[in-house]
Amino acid sequence: MTINKTQEGTALTVALEGRLDTTTAPDLELELRENLEGITELVLDLTSLEYMSSAGLRVLLSAQKTMNKQGSMVIRGANDVIMDIFEVTGFSEILTIE
């Protein structure tokens, strides 16, 4: 998985490419933990994400909890496969998805 970050002021966009699974989820978790301080708007761009496992969902839930305390988090560009995962797991009710 490739993680691309773009920060403008207190807004951070994180674009993910590839697969977010048990192997790559720790990388994203570390990346977010190191970069969320002072961020009030987090955008996760999933346009190029092909697959997400439960480990990836856990990282998103953790990021959502953090951002609930300091700002907002939005999911953008989720394809049909990822949207199905969000809907089946109930995450579509928890996350803000555009």
Contacts satisfying salt bridge (charged side-chain N to carboxylate O under 4.0 Å, His left out) that involve residues 4-28 (not counting sequence neighbours) are Lys5-Glu31, Arg19-Asp21
Which of Leu20, Leu30, Leu32 passes side-chain contact (heavy atoms from CB on, under 4.5 Å) with Val59? It is Leu32
Do Ile97 and Val14 land in one hydrophobic cluster if side-chain heavy atoms of ILVMFWY residues count as linked below 4.5 Å? yes
To the nearest 0.5 Å, atom OG1 of Thr47 lies from atom CG of Asn79 at 9.0 Å
Rounded to the nearest 0.5 angstrom, the CG-CG distance for Leu16 and Leu44 is 6.0 Å
On a heavy-atom basis, the closest approach of Ala25 and Gly56 is CB-N, 4.1 Å
* Kindly work out whether a path of hydrophobic side-chain contacts (I/L/V/M/F/W/Y, heavy atoms less than 4.5 Å apart) joins Leu42 to Val74. => no
Any Phe91 side-chain heavy atom under 4.5 Å of Ile75 side chain: no
In short, salt bridge (charged side-chain N to carboxylate O under 4.0 Å, His left out) pairs touching residues 63-75 with sequence neighbours left out are none
dist Leu49:CG -> Ile82:CD1 (nearest 0.5 Å) comes out at 4.5 Å
CG of Leu57 to OG of Ser62, rounded to nearest 0.5 Å, is 12.5 Å
Sorted by chain and number, sequence neighbours left out, side-chain contact (heavy atoms from CB on, under 4.5 Å) with Ala11 holds for Glu41
*Using the side chain to side chain contact (heavy atoms under 4.5 Å, CB included) rule, take Val43 and Leu12 through it: C-alpha gap first, then chi angles, then the decisive distance, then the call.*
CA-CA 6 Å; Val43 175; Leu12 176 64; over 6 Å; no
Hits for side-chain contact (heavy atoms from CB on, under 4.5 Å) against Gln70, two or more places apart or cross-chain, chain-then-number order -> Leu36, Ile39, Thr66, Met67
side-chain hydrogen bond (donor to acceptor under 3.5 Å, both in side chains) filter on Thr10, not counting sequence neighbours, yields Thr40
### Task
Flag the pair Gln7 / Thr13 as yes when at least one side-chain heavy-atom distance between them is below 4.5 Å, and no otherwise.
no
side-chain hydrogen bond (donor to acceptor under 3.5 Å, both in side chains) pairs touching residues 85-98, sequence neighbours excluded, are Arg76-Glu98
CG (Leu95) and CG (Leu61) are apart, to the nearest 0.5 Å, by 7.5 Å
Residues passing the side-chain hydrogen bond (donor to acceptor under 3.5 Å, both in side chains) test with Asn68, sequence neighbours excluded, are Gln64
Residue pairs passing the side-chain hydrogen bond (donor to acceptor under 3.5 Å, both in side chains) test with at least one member in residues 50-59, sequence neighbours excluded, are Glu29-Arg58
